[in-house]
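In listed order, ligands and their atoms are each counted from 1.
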Amino acid sequence: MIDDLKQTFLDELESIGNPADLFQLRVKYLGKKGIITSQLKSLSSLPSGERPFFGKKVNEAKDFIEDQLDAKEARLKNEELKKQLLAESIDITLPGKYTPFGREHPINKTLLEVVDIFVKMGFSVEEGPEVELDYYNFEALNFPKDHPARDMQDTFFVSDDVVLRTHTSPVQVRGMKKRKPPVRFIAPGKVYRCDADITHTPMFHQVEGLMVDKGVTFSNLKGILETFLHQMFGPNTPVRFRPSFFPFTEPSAEVDIGCILCSGAGCRVCKGSGWLEILGAGMVNPAVFEHVGYDTEEYSGFAFGMGIERITMLKYAIDDIRLFFENDIRFLRQF
Ligand code: FA5
């Protein structure tokens with residue numbers, strides 16, 4: 001009878017293919033109300049002479065069933081693991097997935113380099129709006145209405161009183177209005193002019209600089225700009241100041257560096273002169289101080305402004321400004 005039980009168990013075990021069914025089978029035979037357990041319980045109702053023989057048989061069957069269940073459980077687990085490994089196998093001979101990394105745009109790269117040099121010299125960074133009032137872009141900078149100097153910058157008008165700023169110089173005025181001297185900041189950002197050829201685009205970037213304090217002189221301006229240009233273009237780069245005109249500075253200067261392509265010998269880029277114009281600068285015109293309420297007797301200052309596209313073109317010998325804005329990945333990848 002016990003042997004029949006073992007055989008029935010083996011047949012049932014044979015048909016089982018997953019751990020959940022196996023567990024049910026274990027409960028069926030070895031659980032509290034299982035077949036084997038109830039056989040063991042029924043021993044007490046047997047005549048005492050039959051108990052040892054029958055008890056031994058039931059215990060053997062219990063051990064046998066336990067061993068069989070454990071072995072099957074191990075087999076099933078093993079099969080499952082094999083299936084999982086097969087499903088998750090990786091073909092290491094396939095080519096990897098290429099994730100292209102973005103990189104800094106050359107204009108941003110130069111802009112950050114410029115900002116970094118001035119921040120290290122103690123300048124803070126100031127920002128202003130790109131859609132600007134005529135007052136800040138022109139009037140407070142000593143460009144009176146209908147003054148011919150306004151023609152120097154081809155302006156995009158939003159309305160009679162509002163323009164797309166043509167330079168970063170309005171940030172000088174906004175920055176000074178916000179605080180009392182001493183002031184020392186730079187103002188990087190986008191500016192707009194109705195202008196387009198191989199050295200001009202309708203949108204470009206400038207960095208403005210302003211320093212106002214008691215006793216600031218043209219020598220300070222020269223020192224700061226020479227230090228900057230030597231860090232940007234190399235310590236042996238020649239720098240020269242030429243007289244120029246801006247309504248908001250007096251005296252004004254245009255600053256040139258020795259042509260970095262021909263080392264001053266004269267080439268196509270410097271048009272044979274050996275020099276390249278790099279920025280505009282000068283001592284802040286007292287008329288501007290009056291607009292911001294600074295005492296012109298007590299304070300003096302200098303300002304400068306440079307075009308970032310121009311600096312980038314010189315640094316990397318690029319001869320067409322439009323390349324920066326065409327988003328040709330083959331060009332941009334080189335920086
Ligand atoms: C100015 O804009 C003055 N605000 C600079 C200044 C600031 C002078 C403070 C004195 C004191 P200018 O118009 O020269 O000056 O422009 C400065 C630089 O902007 C130029 O040297 C040139 O590098 C760049 N630039 C001008 N127009 C364009 C354009 N359309 N595209 C690209 N760069 C331009």
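- The closest non-hydrogen atom to atom 16 (O) of ligand 1, taken over Gln206, His167, His205, comes from Gln206.
- Of all atoms in ligand 1, numbered sequentially from 1 with element shown, those under 4.0 Å from a heavy atom of Gln172 are 9 (C).
- Residue Ser169 places at least one N or O, backbone or side chain, under 3.5 Å from an N or O of ligand 1.
- Residues Glu73 and Lys77 are paired through a salt bridge, judged by an N-O separation under 4.0 Å between the basic side chain and the carboxylate.
- Between Asp154 and Arg193, no side-chain nitrogen of the basic residue sits less than 4.0 Å from a carboxylate oxygen of the acidic one, so the salt-bridge criterion is not met.
- Atom numbering of ligand 1 starts at 1 in the shown order; those under 4.0 Å from a heavy atom of Phe304 are 7 (C), 9 (C), 11 (C).
- The Glu277 neighbourhood of ligand 1 comprises atoms 21 (O), with distances under 4.0 Å to a heavy atom of that residue.
- By the 3.5 Å distance cut-off applied to N or O atoms, Arg193 is counted among the residues near ligand 1.
- Taking the side chain as every heavy atom from C-beta outward, Tyr135 and His291 approach each other to under 4.5 Å.
- The part of Ile321 lying near ligand 1 is the side chain, judged by heavy-atom distances below 4.0 Å.
- Salt-bridge formation is detected for the pair Arg26/Asp70: a Lys NZ or Arg NE/NH1/NH2 atom is positioned less than 4.0 Å from an Asp or Glu carboxylate oxygen.
- In summary, Arg310 and Glu277 do not engage in a salt bridge, as defined by a charged side-chain N under 4.0 Å from a carboxylate O.
- Each of the following atoms of ligand 1 lies closer than 4.0 Å to a heavy atom of Thr199: 31 (N), 32 (C).
- Within the 4.5 Å cutoff, side-chain heavy atoms of Arg174 are placed close to those of Glu132.
- Less than 4.0 angstrom separates some heavy atom of Gly280 from each of these atoms of ligand 1: 6 (C), 8 (C), 10 (C).
- At a 4.0 Å cut-off, at least one heavy atom of Thr249 sits close enough to ligand 1 to count as contact.
- Within the structure, the closest approach of Glu309 to ligand 1 does not fall below 4.0 Å when heavy atoms are considered.
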Verdict with reasoning, Tyr299 to Phe289, per ring pair (Phe, Tyr, Trp, His ring centres under 6.0 Å): CA-CA 9 Å; Tyr299 294 104; Phe289 282 154; 7.7 Å; no
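- When only interatomic distances are considered, the shortest N/O to N/O separation between His200 and ligand 1 does not fall below 3.5 Å.
- Distances shorter than 4.0 angstrom do not occur between any heavy atom of Ile311 and any atom of ligand 1.
- The CG atom of Asn220 sits 10.0 Å away from atom CZ of Arg184, with the distance rounded to the nearest 0.5 Å.
- Among the atoms of Arg310, none of the N or O lies under 3.5 angstrom from an N or O of ligand 1.
- Cluster partners of Ile35, by chain and number: Ile2, Leu5, Phe9, Leu10, Leu13, Ile16, Leu22, Leu25, Tyr29, Leu30, Ile36, Leu40, Leu43, Leu46, Phe54, Val58, Phe64, Ile65, Leu69, Leu76. The rule joins Ile, Leu, Val, Met, Phe, Trp and Tyr whenever side-chain heavy atoms lie under 4.5 Å apart.
- With Tyr192, Phe248, Phe324 as candidates, the residue nearest to atom 3 (C) of ligand 1 on a non-hydrogen basis is Phe248.
- Counting heavy atoms from C-beta on, the side chains of Thr237 and Ile257 come closer than 4.5 Å.
- The contact set between ligand 1 and Ala303, taken as ligand atoms under 4.0 Å from a residue heavy atom, comprises 9 (C), 11 (C).
- When non-hydrogen atoms are compared, ligand 1 lies under 4.0 Å from the backbone of Ala281 (N, CA, C, O) but not from its side chain.
- For Thr312, the side chain to side chain donor-acceptor pair (under 3.5 Å) test picks out Thr110, with sequence neighbours left out.
- In summary, the atoms of ligand 1 found under 4.0 Å from a heavy atom of Glu208, numbered by their order in the structure, are 7 (C), 9 (C).
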